[in-house]
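Read the structure below first, then the notes.
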Amino acid sequence: MGIRDVKRLVIFGVASALAPVPVWASLGTSGGGEPRKPPQAAFDICKDKSEGAAVEIVTPRGDTIKATCKKFKDGTLVAAPDGPPPGPQK
């Protein structure tokens with residue numbers, strides 16, 4: 001087995017190990033097998049709103065996140081952030 005074959009095996013091994021990572025991330029579970037659900041506050045803020053309404057969510061850290069009311073899988077409205085979550089607190 002030459003150096004070229006060893007390199008191919010290493011690349012294949014690393015690629016095989018990393019391939020499932022996006023699949024795990026897309027499963028949407030909280031680690032216990034339960035589907036993840038937005039916090040109750042995300043439902044409460046859209047309770048008397050219509051789909052597409054713009055809202056702002058204040059996080060426990062005090063960050064304000066712009067969001068839009070969207071239908072959740074059970075038909076209720078939930079505030080979905082308009083962009084990525086805020087970065088780590090400094």
- Query: Atom NZ of K47 and atom OG1 of T76: how far apart are they, to the nearest 0.5 Å?
  - Reply: 11.5 Å

- Do K71 and L77 have side-chain heavy atoms sitting under 4.5 Å apart? yes

- Item | salt bridge (Lys or Arg N to Asp or Glu O under 4.0 Å) involving K66 - partner list, sequence neighbours excluded | E56

- Message: Using every non-hydrogen atom in the two residues, find where A79 and C46 come nearest and quote the distance to one decimal.
- Response: N-SG, 3.5 Å

- Measure the shortest side-chain to side-chain distance between C69 and V78 over non-hydrogen atoms and say whether it is less than 4.5 angstrom. no

- Note on the structure: Smallest heavy-atom separation, I45 atom then K49 atom, equals O-CG, 3.6 Å

- Task: Answer whether the closest heavy-atom distance between the side chains of T59 and I65 falls below 4.5 Å.
- Result: yes

